[in-house]
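These values consider heavy atoms only, across backbone and side chains, with no hydrogens, waters or symmetry-generated copies. Residues: numbered from 1 along the sequence shown. No experiment lies behind these values; they were computed from the predicted model shown.
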Amino acid sequence: MNSFLHNLLCNRLIAFVATLSVLSINAQDGTYAYSFLNIPTSTLAYGLGGVNISNIDDDINASDRNPGLLGSEIDMQLGVNYMRYVGESNFAGVKFGRRAGDRGAWAVGIQYFGYGTIKGADINGVQTGDISPKDVVANITYAHDINDTWRGGATLKYIYSSYDSFSAMALATDLGVNYYNADSDFSFSAMVANLGGQVKRFNEKYDRLPVDIRLGLSKSLGSLPMVFSITAWNLTKWHLPYYDNGDGTSETDGKIKDSFSSNLFRHLIFAADFTPSENFHIGIGYNYKTRTDMSTYKRSFLSGFSACMGLKVSNFGIGVAFAQPHTGATTFMINLSTKLYEF
């Protein structure tokens with residue numbers, strides 16, 4: 001690496017770390033809106049615990065995990081996603097990616113979050129008809145190879161929300177970097193997600209975006225075709241207490257859990273992705289926060305676990321993911337992708 005690239009890389013990393021430090025210091029506990037921004041649109045991310053920013057993948061649908069993962073390998077790739085979520089919620093979106101020169105790439109996408117039909121009523125309880133609340137996110141991403149191992153990127157997001165006669169708009173950005181060593185199959189990522197704010201409020205109250213700092217590691221073990229990942233998230237605050245309702249019976253007294261170990265593991269997501277060939281993979285993830293969040297309800301044995309599978313046939317790729325946070329919520333996601341220039 002020549003001195004110019006070395007200095008450029010060092011300056012960018014120092015600036016990035018400084019940004020993360022300022023955000024960590026200024027972050028305060030509070031109630032966030034726009035939690036749908038944390039719902040992944042990639043079957044790989046959803047199957048590997050819901051948040052994974054370091055596992056390397058050339059599917060355009062996975063580009064929303066970390067803008068620092070986007071590269072020229074997604075050239076002329078089109079992807080669509082669909083997710084059947086809790087209740088009557090249905091989410092869908094489309095993405096398109098294109099290379100930009102020898103070391104860059106960009107992608108655009110739009111995502112729709114629909115929450116089904118809800119009975120509307122005024123303050124007196126008089127029904128006013130059905131409403132269909134929804135959120136829409138339009139985004140554009142640009143990423144650039146800093147050198148042979150480091151890549152950085154940024155995503156700008158326009159967010160529109162419509163709930164009955166109320167609407168709001170917000171702007172947010174994701175900033176991320178990734179280090180990948182192909183010889184050792186080691187990947188490290190750092191990013192800040194959802195940095196921004198509202199430009200149009202629902203009313204006089206200002207709703208905060210779920211700003212988050214995330215770190216991720218992915219590594220294969222020797223000749224074994226499996227990549228293990230650890231992702232740390234919600235790093236803007238340490239304390240993540242939860243209410244443990246025991247087995248959910250009326251005889252069980254609920255308790256607030258806020259120990260060191262519970263806080264530590266509620267920040268971590270563990271995953272493994274088995275890839276016996278370039279055209280097939282199957283992964284599993286464990287999100288302790290999801291499992292403990294569901295402890296107030298009647299969670300299932302699978303709560304906190306998720307799984308995914310991906311297959312490439314000719315010019316097409318398909319991915320599926322599954323999770324069951326609690327007994328009343330079975331979620332399913334599907335991704336489809338193709339490279340347009342191969343037609």
Once you round to the nearest 0.5 Å, how far does [atom1] of [X] lie from [atom2] of [Y]?
| X | Y | atom1 | atom2 | value |
| --- | --- | --- | --- | --- |
| Asn335 | Asp59 | CG | CG | 6.0 Å |
| Phe305 | Asn287 | CZ | CG | 10.5 Å |
| Ile53 | Leu48 | CD1 | CG | 12.5 Å |
| Ser303 | Arg291 | OG | CZ | 5.5 Å |
| Ser337 | Asp57 | OG | CG | 8.5 Å |
| Ser161 | Arg201 | OG | CZ | 14.5 Å |

Report task. Would you kindly confirm whether Val94 and Ile334 end up in one hydrophobic cluster when ILVMFWY residues are joined by side chain heavy atoms under 4.5 Å apart? Result -> yes
Query raised in the report: Same hydrophobic cluster for Ile318 and Val80, using side-chain heavy-atom links shorter than 4.5 Å among ILVMFWY?
Result: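 Yes: a chain of side-chain contacts under 4.5 Å links Ile318 to Val80.
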Contacts table for residues 222-232: side-chain donor-acceptor under 3.5 angstrom, sequence neighbours left out:
{"from": "Ser229", "atom 1": "OG", "to": "Asn52", "atom 2": "ND2", "distance (Å)": "3.4"}
{"from": "Ser229", "atom 1": "OG", "to": "Ser218", "atom 2": "OG", "distance (Å)": "2.7"}

Looking only at non-hydrogen atoms, find the nearest pair between [X] and [Y] and report the distance.
| X | Y | result |
| --- | --- | --- |
| Asn234 | Leu240 | CB-CD1, 4.0 Å |
| Arg65 | Asn55 | NH2-O, 2.6 Å |
| Ile60 | Phe96 | CD1-C, 4.2 Å |
| Gly68 | Asn178 | O-CB, 3.5 Å |
| Tyr206 | Gly197 | OH-CA, 3.4 Å |

Checking [Y] against [X]: is there a side-chain donor and acceptor pair closer than 3.5 Å?
| X | Y | answer |
| --- | --- | --- |
| Lys200 | Ser167 | yes |
| Asn315 | Thr338 | yes |
| Ser189 | Asn66 | yes |
| Thr41 | Asn61 | no |
| Tyr180 | Asp185 | yes |
| Thr155 | Asn139 | no |
| Asn263 | Lys257 | no |
| Asp135 | Tyr34 | no |

Is any side-chain heavy atom of [X] closer than 4.5 Å to a side-chain heavy atom of [Y]?
| X | Y | answer |
| --- | --- | --- |
| Cys308 | Tyr46 | no |
| Asn181 | Phe188 | no |
| Trp233 | Lys289 | yes |
| Met191 | Val177 | no |
| Ser35 | Pro210 | no |

Query raised in the report: Taking ILVMFWY side chains as joined if any heavy atoms are under 4.5 angstrom apart, and letting links pass through other members, which residues group with Tyr160?
Result: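 Answer for Tyr160: Tyr158, Met169, Leu171, Val199.
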Query raised in the report: Any salt bridge between Asp293 and Arg266, counting N to O under 4.0 Å?
Result: yes
**Report entry** Where at least one partner belongs to residues 68-81, residue pairs that pass salt bridge (Lys or Arg N to Asp or Glu O under 4.0 Å), sequence neighbours excluded
**Finding:**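 Listed by first then second residue: Glu73-Arg151, Asp75-Arg98.
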Can you give me every donor-acceptor pair (side chain of residues 102-114, partner residue at least two apart or in another chain, under 3.5 Å) with its distance?
{"from": "Arg103", "atom 1": "NE", "to": "Asp145", "atom 2": "O", "distance (Å)": "3.2"}
{"from": "Arg103", "atom 1": "NH2", "to": "Asn147", "atom 2": "O", "distance (Å)": "3.2"}
{"from": "Gln111", "atom 1": "OE1", "to": "Asn81", "atom 2": "ND2", "distance (Å)": "3.2"}
{"from": "Gln111", "atom 1": "NE2", "to": "Asn81", "atom 2": "OD1", "distance (Å)": "2.7"}
{"from": "Gln111", "atom 1": "NE2", "to": "Ala92", "atom 2": "O", "distance (Å)": "3.4"}

**Report entry** Donor-acceptor contact present, side-chain Ser306 to main-chain Gly47, <3.5 Å
**Finding:**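 Such a contact is found between Ser306 side chain and Gly47 backbone.
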Query raised in the report: Can any side-chain N or O of Ser277 pair as donor or acceptor with the backbone N or O of Asn279 at less than 3.5 Å?
Result: yes
Report task. State which residue, out of Leu175, Thr173, Asp174, fulfils the side chain to side chain contact (heavy atoms under 4.5 Å, CB included) condition with Val192. Result -> Leu175
Query raised in the report: What orientation do Tyr286 and Tyr288 show, parallel under 30°, tilted 30 to 60°, or perpendicular over 60°?
Result: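 Because their plane-to-plane angle lies in the 30° to 60° range, the rings of Tyr286 and Tyr288 count as tilted.
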Query raised in the report: Listed by chain and number, what are the salt bridge (Lys or Arg N to Asp or Glu O under 4.0 Å) partners of Asp273, not counting sequence neighbours?
Result: none
Requested in this report: Kindly check if the number of other-residue, nucleotide or ligand heavy atoms within 6.0 Å of CZ (Phe202) is above 12?
Outcome: yes
Query raised in the report: So Asp58 and Lys312, salt bridge (charged side-chain N to carboxylate O under 4.0 Å, His left out) or not? Walk me through it.
Result: CA-CA 11 Å; Asp58 62 356; Lys312 295 178 182 178; 2.7 Å; yes
Report task. Please list, chain by chain and in numerical order, all residues satisfying ring pair (Phe, Tyr, Trp, His ring centres under 6.0 Å) with Phe260, sequence neighbours excluded. Result -> Trp238
